[in-house]
K.L.:
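Below you'll find the structure I mean.
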Amino acid sequence: MAVSIVVGTHWGDEGKGKIVDYLGENAQVVARAQGGNNAGHTVIVEGEKYVFHLLPSGVLHPGKVGILGDGMVVDPSSLLGEIDFLRQKGKDVSERLFLSSKAHLVLPYHRILDGIYENIRGGRKLGTTGKGIGPAYEDKVSRWGIRVGDLEDEKLFAQKLRVALDYKNLLLERAFNQPPLPYDKILEDYLGYASLLRPYIADTSKMIYQFYREGKNILIEGAQGTMLDLDHGTYPFVTSSYPVAAGSLLGVGLGLGSISNLEVLGVCKAYTTRVGEGPFPTELREEMGDYLRDKGGEYGATTGRPRRCGWLDGVILRYAARINGITSLALTKLDVLGGIDSLKVCRAYLVEGEEVDDFPVSSHLWDKCEPVYEEMEGWEEDISSVSSYYDLPSSAQRFVEFIEDFMQIPIAIVSVGKERRNTLVRKEIF
Ligand code: IMP
């Protein structure tokens with residue numbers, strides 16, 4: 001019995017979906033803890049591509065229990081679409097998927113307000129995914145939110161919607177000069193979703209606790225990444241939830257003291273990317289950035305936006321190790337670096353003439369961080385069909401071992417391609 005938390009070490013898109021799908025084989029329960037359909041996790045199995053936004057990627061394995069935890073914000077139409085998509089692919093999750101009644105609902109006004117807020121910011125846009133995530137969490141915190149469990153009682157839901165929508169329409173009309181949203185239509189749509197979602201709604205925190213006590217392996221699938229964390233990321237260019245490891249336990253309702261066997265697996269891409277606005281010290285704005293984007297297929301799985309690309313930021317990786325308490329690492333997309341003569345990893349920053357090796361907490365310093373690089377020899381070969389770590393070219397092994405040495409954390413998994421079989425395991429996680 002063990003709990004493994006998978007976290008992104010940078011700004012998301014580290015390839016967590018693939019790693020979680022791989023680890024899912026040895027877990028009996030796979031869970032999402034926070035975020036919503038802003039996430040986009042791509043998994044390729046037997047040539048078939050699956051993109052998950054809300055469902056934990058591990059549900060692709062038959063018989064695994066999938067949980068959408070308490071800390072999530074759930075857009076019901078998006079969730080029902082994913083369940084339906086899997087059904088069409090012959091993968092029915094209806095008996096084994098559970099949705100926390102404490103999770104919050106994303107409502108149509110959240111998506112509209114997400115767009116309005118971005119417009120108001122003008123040149124200081126956050127570059128959100130536009131899925132209404134920030135406004136849904138804003139309502140949760142200011143106690144205007146409506147929870148999944150409220151869908152179970154039609155009368156109660158109708159009352160809560162009335163109060164929340166009156167307030168939101170006041171905002172839309174008076175503050176933003178927009179037309180009000182129709183109560184009847186939203187009520188009808190959401191009661192329709194309610195009848196389809198009712199079988200999935202459960203007290204998932206209690207379920208997870210019981211599964212753990214029964215000796216099951218539980219895999220908590222992080223979404224987004226450390227630097228998008230509301231508290232620990234590059235605020236305000238962050239998401240509105242807690243992608244760090246502590247947020248995972250909070251988001252599934254598991255008490256820290258009840259777990260004796262916890263692994264925190266940090267998933268780190270062999271180079272760094274970010275989608276949306278905000279600081280990014282190792283960003284490559286010239287040719288090499290385009291090369292990584294094209295070769296790595298670095299376009300957002302949720303929005304299709306081109307991702308900004310740069311060399312691996314080891315300063316942030318070290319910061320992520322501290323904030324999350326990372327016990328093992330998975331290094332992904334190593335194959336993308338093939339064909340580059342000289343590779344770089346940022347090991348420190350030069351900030352106002354001084355070398356620093358921790359990520360500065362003060363935001364006014366972020367744009368002043370100049371990367372200090374370690375340069376390494378690259379490799380020519382296409383490594384995407386290599387099936388054992390020791391068959392990698394020696395310079396690829398040196399790259400992996402440099403990071404391991406720099407981090408003093410074992411690299412348990414090296415991923416060299418999109419398929420499950422392109423996963424080189426150096427240390428078993430479960
Ligand atoms: P929001 O989560 O839609 O509010 O967007 C806030 C920031 O988080 C933006 O920069 C998004 O691009 C980023 N973001 C949110 N979810 C993901 C993700 O799953 N991967 C990468 N970036 C994300």
Side-chain angles (χ1 to χ4, degrees), residues 6-20 32-43 50-57 68 71-75 78 82 104 106 109-121 124-141 221-244 247-248 251 267-269 271-280 283 293 296-310 313 316 320 332-333 363 366:
V6 172
V7 292
T9 52
H10 291 77
W11 285 282
D13 308 316
E14 293 91 353
K16 295 182 292 297
K18 182 196 152 167
I19 300 296
V20 166
R32 274 276 307 267
Q34 54 80 39
N37 60 339
N38 46 351
H41 293 165
T42 308
V43 182
Y50 299 84
V51 182
F52 292 110
H53 298 286
L54 282 163
L55 293 178
S57 326
L68 282 82
M72 293 187 73
V73 289
V74 176
D75 184 329
S78 170
E82 282 183 38
H104 277 246
V106 175
Y109 45 79
H110 293 134
R111 283 188 298 272
I112 293 172
L113 287 168
D114 202 351
I116 292 176
Y117 293 164
E118 283 287 82
N119 282 337
I120 291 175
R121 287 176 190 269
R124 292 288 287 171
K125 277 208 297 270
L126 302 180
T128 72
T129 59
K131 303 289 181 188
I133 305 302
Y137 277 115
E138 181 188 348
D139 275 359
K140 167 176 164 170
V141 173
E221 174 175 340
Q224 294 85 37
T226 304
M227 300 313 275
L228 289 173
D229 186 89
L230 188 56
D231 282 333
H232 302 290
T234 44
Y235 189 91
F237 301 99
V238 293
T239 190
S240 296
S241 56
Y242 302 103
V244 297
S248 292
V267 182
C268 170
K269 196 149 56 180
Y271 50 99
T272 297
T273 62
R274 144 160 239 181
V275 61
E277 307 302 317
F280 181 178
E283 182 169 14
R293 184 176 313 106
E298 297 295 349
Y299 296 88
T302 302
T303 59
R305 289 180 290 177
R307 295 180 187 142
R308 299 155 63 193
C309 298
D313 191 328
I316 288 180
T332 60
K333 294 186 117 171
S363 62
W366 294 340

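Keep in mind that this is a model prediction, so the values were computed, not measured. Values reported hereafter were calculated over all heavy atoms of this structure, with side chains retained and with hydrogens, waters and symmetry mates removed. When a ligand or atom number is given, it counts from 1 through the structure's own listing order. Residue indices begin at 1 and follow the sequence shown.
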K.L.:
Please could you name the atoms of ligand 1 that Asp13 approaches to less than 4.0 Å, counting only its heavy atoms?
P.N.:
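Under 4.0 Å from Asp13, ligand 1 has these atoms: 20 (N), 21 (C).
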
K.L.:
How does Trp11 reach ligand 1, by side chain, by backbone, by both or by neither, if only non-hydrogen atoms under 4.0 Å count?
P.N.:
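Within the 4.0 Å criterion, Trp11 contacts ligand 1 through backbone atoms alone.
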
K.L.:
So for Gln224, does at least one of its heavy atoms come nearer than 4.0 angstrom to any atom of ligand 1?
P.N.:
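Heavy atoms of Gln224 do come under 4.0 Å of ligand 1.
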
K.L.:
For ligand 1, which part of Val275 has a heavy atom less than 4.0 Å away: the side chain, the backbone, both, or neither?
P.N.:
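It is both parts that get close, each with some atom under 4.0 Å.
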
K.L.:
For Thr302, which part has a heavy atom under 4.0 Å from ligand 1: side chain, backbone, both, or neither?
P.N.:
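For Thr302, there is no contact with ligand 1 at all, from either part.
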
K.L.:
Please confirm whether Asp114 comes within less than 3.5 Å of ligand 1 when only nitrogen or oxygen atoms on both sides are compared.
P.N.:
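No; the residue has no nitrogen or oxygen that sits under 3.5 Å from a nitrogen or oxygen of the ligand.
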
K.L.:
Between Arg274 and ligand 1, which part of the residue brings a heavy atom under 4.0 Å of the ligand: side chain, backbone, both or neither?
P.N.:
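Neither; nothing of Arg274 gets under 4.0 Å from ligand 1.
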
K.L.:
Which of the atoms in ligand 1, numbered in the order shown and given with their element, are less than 4.0 Å from a heavy-atom of Gly276?
P.N.:
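Every atom of ligand 1 under 4.0 Å from some heavy atom of Gly276: 10 (O).
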
K.L.:
List every atom of ligand 1 that sits less than 4.0 Å from any heavy atom of Leu126, numbering the atoms from 1 in the order shown and giving each element.
P.N.:
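Checking each atom against Leu126, I get 10 (O).
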
K.L.:
Between ligand 1 and Val238, can you find any atom pair, the residue atom being a heavy atom, that is separated by under 4.0 Å?
P.N.:
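True for this residue.
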
K.L.:
Out of all atoms in ligand 1, which are within 4.0 Å of some heavy atom of Gly127? Include the element for each.
P.N.:
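With Gly127 as reference, the close atoms of ligand 1 come out as 9 (C), 10 (O), 11 (C), 12 (O).
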
K.L.:
Hey, is OH on Tyr235 packed in by over 12 heavy atoms from elsewhere, all under 6.0 Å?
P.N.:
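No, OH of Tyr235 has 12 or fewer neighbouring heavy atoms, counting only those of other groups under 6.0 Å.
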
K.L.:
Taking N or O atoms only and a 3.5 Å limit, does Lys131 qualify as a polar contact for ligand 1?
P.N.:
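No - when backbone and side-chain N and O of Lys131 are compared with those of ligand 1, no distance drops under 3.5 Å.
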
K.L.:
Which one of Asn38, Ile133, Asn37 satisfies the side-chain contact (heavy atoms from CB on, under 4.5 Å) criterion with Val73?
P.N.:
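Exactly one pass, corresponding to Ile133.
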
K.L.:
So is Ser240 close enough to ligand 1, meaning a heavy atom under 4.0 angstrom away?
P.N.:
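Ser240 does not count as a contact of ligand 1 under the 4.0 Å cut-off.
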
